[in-house]
Amino acid sequence: MSHEEERPEARNATRRSDALRRAALYATLAGLVAFYLAPIETGLVTSIKTSEAVRNTLPFLPPGLSGFTLDKWAFAFDALSHGMVNSVLFTIPSTLLCAVFGSMAAYGLTLVDWRGQIAVLALFVAGIFIPYQAVIIPLSEFWSIWVELDERLAFLWALPLLEEHHATILELIVTHTAYGIPICTILFRAQYQTMSWEMIEAARLDGASLWRIYRRIVLPLSVPMFAVVFIFQFTQIWNEFLFSLTIIRSVSDPAASVTLILSGLGTALEGVDFPLRMAGAFIAALPTLIVYVLFADQFAEGVRV
Amino acid sequence: MTDGGNRESIDRRTFTKCAALLGSGGAAALTGYAEQDQQWSNTMELMHGWTGGDGAEAVAALEEAFQNEYPEMDTDFRAIGGTGNVNLDQAVAQRLRAGDPPSVFAGWPGPNLVQYEGVLGDIEQDVWNEAGLVEPHADEVVEACRFNDGFSAVPIGSHRMNDLFYNVSVLDEAGVDPESIDSFDAWLDALDAVASETDAVPYANSLATWVVLQFWAVNMLGSQGFDAYMNFIDGEGDEAAVRAAFENVQTVLSEYLNEDAAEIDFTEANQRIMSGDAAFIHQGNWVAGAYVNEDLTFGEDWGRIQFPGTEDMYGFHLDSFIYPGNQLDNPSPEESKAFLRFAGSETAHVAFNQYKGSIPTREVPTDEFSPYLTETIEDFNSVDQRPPTIAHGLAVTQDVQSDLEDALSDTFLDPYDVDAATRRFMEIV
Amino acid sequence: MRDELAKTVERLRDRLREVRESRGTGDRVTETDGGQEVGADEERAVGTDRRVVERSAFRRLLDHDAVQSAPFWLPPFLLMGFFVYAAIGWNFAISLTDYQGFGEPDYSVLDLDNYGAMLSDPAMWAATRNTFALLVGFTLVCLVVGLVLAILLDREVRFGRTLRTIYLLPMSLSFIVTAQFWMWMYNFNFGIVNQLLGVVGLGPYSWLGNPDLVLGSVVFALIWQFSGYTMVVYLAALRAIPDDQYEAARVDGASTLRMYWRVIVPQLKPAMVSASVVLVLFALKAFDFLYAIWGYRPRRGADILATKMVREAFNKQEWAYASAIAILLFALSLAVIAPYLYQQHRQGNL
């Protein structure tokens, strides 16, 4: 250090090369921002273009006033709105259930130590990684041939607010909950492992029941992890497609989810309507985008299994 | 279904009784079916795939016409979205698999019915004979609706599969007289003229497998003739003929096709015909529905010829309503059959087809139909041959069609390997 | 609520001290239990064992724990177990039948015919090849791109958090949504990709149509979507590396790049392993993306096992054959997970 102070030219040179390096760094970072945002940006500007403007303007530039329209957004909203409702109906309950079950399982497998839990735990971890293809045939068989919720619950459909397609929603809630449990369990376990073991032990010696410890100590300490799990699971379930395709099946089903409807949006006899598709993509992504922008940190923690 | 269903049907019965008392037979005299119309106890649930545009209009017209004749019957016309019949077929399959069939569903008859072996009911007596449908319908139509020893389907309309559509002004600019295109070579000359004289793409289409399968079939018909085609679908195909048809397909697709054909839908290709960016397209005549929607005039903006070499043919496609039964219980046998009797009637065919852009498969007055459809109806009645479509269930079973499409996808869809494709086609059928 | 909790904790600490004092043992092992790194769990296990040896009364309690804790883990386990493991077993049973079309599977005749049919199905080979190409290409490039992103962001960068948020953003989107975006990006006539290449005089290319390009195009889009994920994993690992190691490397006179390569990157190996496992599984699920673009039948060159399986089942009603493909897929993912789980178990991370 003292060397450099004595030789200003050298210091200047270092500074220059430092500045150059920083400039290169920021240019790279900015380039990467462009790369990651480009598909989204071009989607956004395209969604507000008339078909005319789509042909006449560059894909990443916004349209002029004459080429501007919100019609596609309005149309996409009409097409997707009941799918949004359906997606909310199954995403929120299954997110909550996943989190509760995950927290319980993690508690039972972490803070209480017993032999054989490793084996059970291994089954939970492996459950995260199962390709859904390996289960969808039995799953569709189970729901459509064995359970037939819509018929079994027929007495419910006469009630106000309940309709037959809610049977499908219920099936999706159970399905998403079941497949969400493993990841939630592992997320909670990661936190519970860092909790103070001695505290639990002390409470037990104090005669507190496991349930009491869970409620009074573990749950309050898990609040931040619940936030992570909610955010992560909400996005996962909202974005999911394969279960929608195989359990709901049809885009026109009253229970169709938003991803399912989006997959069939914008194809008509008159041609593929890209502005409409883009508008639809944004509407379908809106809830997850909002959640993501507000809670990016929790999301990042969630993905880092 | 049980509890709610019963309650509903009781309500409906009470309602029906009241209505009958009030109307005291006044309305009943209006139609011949009215007497039966008092007895409906189940909802007639129909699944179809016509969700958008002219299809939706057509099915709405059909529903309205049906309700005019059967005002007392509860109906549930359920549209299953998606291009082609993929989503509809899947939704129907799910219902059949779950043992919960709809009353009636839309689909292609012919060999396409084979996949439903065991779950289709016989409607020969109650529908075909009772409504007298055999006589007025063309022979091919009647044959296609037969299944096992009886009937399981009722025709509703037919799209023509051997049209070659074109943009009039592009052909004018290229100096091509469409009427002079009477052979494959003449067509190639026309395509060359378009390529050299205009900026338009000579031939627009999608490279979706079913589109290419259809294009191969029409080339087979055009250059090898009706018999060669029929032999092929009967499993006695002549390899040289299959190969020659593939060679024609290869020539057109590799030299005159739009570059992005592999990633676009036929609808987008058709858009280019309408906008003047392309000259020719071969498709089922559902594409003409788009011309009508865009207010383009037949003969001025767009035109059509028979695909060269198929001048005496009508490429035969058929939409029908299919009756589930046999091992499965139809949820509403009486209502379903009443609907099917109606679906085969002149009223139904006129109501449906004038909007759908397809044609009735029985003789009807043509005054409700556009000039183009009138011409198509006349052709349908006057041609010598009506070869069944291979890409739409009438010529081969669903399995075989699917295998043919796989073969195209594996061997032919660019690079165009004529040898491999020919070999696979000969193996499959 | 926080106060109350703090009070409870304090009270419990006191109680623990009392108990220990009355027992007169100075068990310190539990003190270190903070679960900081890999070793912590092992330590706890050791600590537990020691206690077990020391007091048989405590052991009785332990034996009861499996039972006592059952109300917590058993219901979720049963729900998950039924839908995951019972379903896989059921799927395997279906794969031994010749179930197709409508009606129900006949479990009275079971054989391996479907597996034999897989071997002689040329499309299976193509799909398997494509699956591996996608797995390898996607995973490797994601690991590299993620590493670069993490290293760039790990230096003290202004707006680092915002940048991280932007790079990770695509991962919060559904495959169905990103497929729409990329169909437009890749659009032959109007897409950005061809327009940019046009500036330098290349193309246009049919990115989603040319069989030689499709898989690459798909992999590229998937990398766009998931490289942020690897970045996050690496960043967490980088943050866990003590600062003095950076300092040491710097004092050493090493250039930044070489420092990373020599000192830091080797320490990222565990992160790399776990990230690749997750990436492989993302890739196996790429079905959604392909379906959104092509429906049941992807363009030749882009058909993978996942799409073929769903096509055979839900498009062609070949349930038994599709089940066999599903078992193959399951075996593939097992081949990735099992060694990983075993390794994690060995390291005491489980």
Side-chain angles (χ1 to χ4, degrees), chain A residues 29 33 36 38-39 42-43 46 59-60 101 104-105 107-109 112-114 118 121-122 125-127 129-131 133-135 137-139 178-179 181-182 193-194 197-199 202-203 205-206 210 216 220 235 239 241-242 246 259 262-263 274 277 281 284-285 288 292 296 299-300 303-304, chain C residues 5 8-9 12 15-16 19 30 33 35 48 62 65-66 68-69 72-73 76 79-80 83-84 87-88 90-91 94 152 163 165-168 172-177 180-182 184-185 190 192 195 229 232-233 236 281 284 288 292 306 309 313-314 319 322-323 326 329-330 333 337 341 350:
Chain A
L29 289 171
V33 168
Y36 282 98
T42 179
T46 303
F60 47 86
F101 277 130
M104 280 168 52
Y107 172 64
L109 293 173
V112 184
D113 207 356
W114 49 278
I118 286 293
L121 199 65
V125 180
F129 299 127
I130 296 305
Q133 268 78 9
V135 295
I137 291 178
L139 195 66
Y179 292 105
I181 285 174
Q193 279 181 321
T194 67
W197 172 256
E198 63 181 83
M199 205 159 68
L205 289 170
D206 204 25
L210 283 177
R216 301 296 289 276
T235 357
N239 288 342
F241 179 71
L242 188 59
T246 52
T259 46
L262 179 61
S263 74
F274 272 107
R277 285 187 173 207
T288 48
Y292 177 77
F299 183 86
V303 294
R304 219 180 51 228
Chain C
L5 181 69
T8 320
V9 170
L12 288 171
R15 177 80 182 109
L16 185 67
V19 172
T30 50
D33 205 333
T48 314
L62 271 178
D65 275 356
Q68 277 195 16
S69 64
F72 292 95
W73 62 266
L79 182 61
M80 183 276 298
F83 277 94
V84 174
I88 291 172
W90 189 353
N91 185 84
I94 293 177
L152 288 179
L163 290 171
T165 305
I166 290 173
Y167 299 159
L168 187 61
S172 73
L173 300 173
S174 168
F175 273 130
I176 308 300
V177 170
Q180 310 295 328
F181 290 153
W182 280 97
W184 180 235
M185 288 289 284
F190 307 113
I192 284 191
Q195 302 246 345
Y229 163 76
V232 167
V233 174
L281 295 152
L284 283 178
D288 298 7
M309 183 270 155
F314 294 89
W319 306 107
S323 303
L329 259 175
F330 172 66
S333 47
I337 307 161
L341 281 185
L350 211 60

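Letters A, B, ... mirror the listed sequences (proteins, then strands); counts begin at 1. Only this structure's heavy atoms are used, side chains among them; waters, hydrogens and symmetry mates stay out.
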Below 4.5 Å from any heavy atom of chain A, which atoms of C:Q195 appear? Answer side chain, backbone, both or neither.
side chain
Chain A: which of C:A87, C:S333, C:S172 shares the most heavy-atom pairs with it under 4.5 Å?
C:S172
Tell me, for A:I181 versus chain C, whether the close heavy atoms (under 4.5 Å) come from the side chain, the backbone, both or neither.
side chain
Flag the pair C:T165 / A:Y292 as yes when at least one side-chain heavy-atom distance between them is below 4.5 Å, and no otherwise.
yes
Closest heavy-atom pair and its distance - A:L29, C:Y167
O-OH, 2.9 Å
Anything under 30° is parallel, anything over 60° is perpendicular, the rest tilted; go ahead and classify A:F274 against C:W184.
tilted
Measure across C:V84 and A:G127 and return the closest heavy-atom pair with its distance rounded to 0.1 Å.
CG1-CA, 4.4 Å
Taking every non-hydrogen atom, the tightest pair across C:A326 and A:Q133:
CB-O, 3.4 Å
Heavy-atom distance under 4.5 Å to chain A: side chain of C:I166, backbone, both or neither?
both
Can you tell which part of C:L168 gets under 4.5 Å to a heavy atom of chain A, answering side chain, backbone, both or neither?
both
Heavy-atom closest contact (A:A285 atom, C:L173 atom, distance)
CB-CD2, 3.7 Å
Closest approach of C:V177 and A:A281, non-hydrogen atoms and distance?
CG2-O, 3.7 Å
Evaluate the side-chain proximity of A:V135 to C:F83: yes if any heavy-atom separation is below 4.5 Å, no if none is.
no
Can you confirm whether A:N239 sits close enough to C:F175 that some side-chain heavy atom of one is under 4.5 Å from a side-chain heavy atom of the other?
no
